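As a basis for the values below, the full set of heavy atoms in this structure was taken, side chains included, without hydrogen atoms, waters or symmetry mates. Just so we're clear, the structure is a prediction, and the values are computed from it rather than from any experiment.
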Amino acid sequence: MTVPYSRNVRPTYENFVAECPHCGASNTFNRASDLRTFQPIGLRTVKCQVCKRQFKINKDSANAAHQMLLFDCYAFIEQKQFIQCVLSVAQAYEFFFGHFLYVQLIYRAFARDNSHDPQCLNHLEKRLYERVQLLTFGPMRCLFLRLVVDNVAPASLADAKAAIDALPKGNVPLVPRQSIEGVSDDRLKALLLRLHDADADKLRNKVVHKDAYRPKADEAKRAHEQASEILHELTHRLRLGYDVNWYIGEAGR
């Protein structure tokens with residue numbers, strides 16, 4: 001008996017939502033608890049949570065985490081869950097900053113190294129995580145801006161380790177607008193200046209701190225639109241792929 005495919009699927013950062021082709025029920029499969037993987041689902045046979053019959057799911061998103069979080073915001077806005085939208089927008093920025101650090105300081109250098117030693121990769125990832133795990137939105141943005149403005153791009157694994165060890169241990173110095181204005185690529189400079197001035201973190205802080213602020217529709221939409229424009233263009237401008245395997249492939253292209 002042929003196992004049918006779901007006709008309607010909606011991948012999100014946390015879940016994979018799919019309609020059962022047998023009974024029409026909407027199924028929410030949690031990536032951590034149900035699917036037990038965070039890799040994109042190329043093809044998977046699942047069981048309907050209502051009628052218990054099997055069907056197949058595919059057409060998952062292979063986007064990076066920050067892109068998936070921003071995509072999830074469309075549903076939050078439609079459902080008028082503006083608090084969740086604001087939280088996801090700020091988190092998308094933070095995921096983007098973190099993703100860039102791993103790409104720029106580890107993945108590209110690892111891809112250039114012929115050994116492709118997974119133990120070395122794990123060591124560098126752990127080392128970077130230990131240096132940035134406690135950093136919040138503001139310091140992470142400063143690290144990102146500083147690496148881009150200074151064009152920090154380790155050419156070897158030894159250089160990668162040195163660059164990670166050189167990251168500030170305490171307060172991360174602010175990056176003044178004058179430094180950003182010295183970037184020679186005009187389009188990249190414009191994006192970095194917009195990122196420098198973005199205030200999604202301030203809106204998020206009003207929501208989660210003692211104010212318990214409930215944002216209006218226009219505030220949530222503006223924050224989402226701004227983040228989508230800035231991060232989408234930076235992702236392409238800086239050639240940010242999905243995971244380390246993407247960069248290994250890129251090195252051979």
Side-chain angles (χ1 to χ4, degrees), residues 13-14 31-32 36-40 42 60-70 90-175 179-180 183 185 188 191-192 195 201 230-253:
Y13 176 69
E14 189 173 11
R31 295 183 187 273
R36 298 182 183 278
T37 180
F38 299 118
Q39 294 298 313
D60 198 0
S61 172
N63 291 330
H66 67 274
Q67 295 170 314
M68 296 187 72
L69 283 174
L70 290 174
Q91 193 172 30
Y93 277 110
E94 292 170 339
F95 279 14
F96 171 81
F97 300 144
H99 183 53
F100 176 80
L101 291 180
Y102 278 87
V103 168
Q104 198 70 0
L105 298 181
I106 300 177
Y107 294 165
R108 284 183 169 137
F110 180 81
R112 298 187 190 104
D113 186 83
N114 291 328
S115 70
H116 292 166
D117 182 357
Q119 289 186 336
C120 182
L121 175 66
N122 292 337
H123 174 73
L124 290 174
E125 288 180 329
K126 181 180 179 181
R127 202 176 191 91
L128 178 57
Y129 175 77
E130 290 171 348
R131 296 303 291 266
V132 303
Q133 62 175 317
L134 298 179
L135 298 184
T136 55
F137 186 109
M140 286 292 284
R141 173 166 55 185
C142 289
L143 275 184
F144 167 81
L145 290 172
R146 178 51 61 195
L147 290 178
V148 176
V149 169
D150 291 347
N151 194 27
V152 176
S156 67
L157 294 178
D159 289 344
K161 178 181 178 299
I164 293 171
D165 290 343
L167 295 177
K169 293 183 178 181
N171 294 330
V172 180
L174 296 176
V175 179
S179 296
I180 300 173
V183 173
D185 183 328
L188 178 59
L191 290 169
L192 296 178
L195 177 63
D201 57 325
I230 295 173
L231 298 186
H232 174 75
E233 292 200 46
L234 280 174
T235 297
H236 288 279
R237 200 78 181 177
L238 299 172
R239 293 185 56 79
L240 300 183
Y242 179 70
D243 59 13
V244 67
N245 293 316
W246 191 93
Y247 299 96
I248 293 174
E250 183 187 45
R253 286 196 286 269

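A distance-only check finds no donor-acceptor pair linking the side chain of Asp150 to the backbone of Val152 [under 3.5 Å].
Here the closest non-hydrogen pair linking Arg108 and Gln104 is NH1-OE1, 2.8 Å. Pro40 approaches Asp60 most closely through the heavy-atom pair CA-OD2, 3.3 Å. Here the closest non-hydrogen pair linking Asp185 and Arg237 is OD1-NH2, 2.9 Å. Shortest non-hydrogen contact noted between Pro173 and Cys142 is O-CB, 3.6 Å. Between Phe95 and Ala65, the shortest heavy-atom contact is CD2-CB, 3.4 Å.
Under the 30°/60° scheme for interplanar angles, the aromatic rings of Tyr107 and Tyr102 are found to be tilted. Under the 30°/60° scheme for interplanar angles, the aromatic rings of His99 and His66 are found to be tilted. Note: Phe137 and Tyr93 have perpendicular aromatic rings, judged against thresholds of 30 and 60 degrees for the angle between ring planes.
To the nearest 0.5 Å, atom CD of residue Gln133 and atom NZ of residue Lys126 are 11.0 Å apart. In this structure, Ile164 CD1 and Leu124 CG are separated by 5.0 Å, a value rounded to the nearest 0.5 Å. Of the inter-residue distances, the one linking Leu234 atom CG with Leu188 atom CG reads 6.5 Å to the nearest 0.5 angstrom. For the atom pair Leu174 CG and Arg146 CZ, the distance stands at 10.0 Å (nearest 0.5 Å).
Taking the side chain as every heavy atom from C-beta outward, Met140 and Val132 approach each other to under 4.5 Å. Between Val103 and Leu238 there is no side-chain heavy-atom pair separated by less than 4.5 Å.
The residues Arg112 and Asp159 are annotated as not salt-bridged, no charged nitrogen and carboxylate oxygen being separated by less than 4.0 angstrom.
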Test log, rule side chain to side chain contact (heavy atoms under 4.5 Å, CB included), inputs Arg127 and Asp165 = CA-CA 8 Å; Arg127 202 176 191 91; Asp165 290 343; 2.7 Å; yes

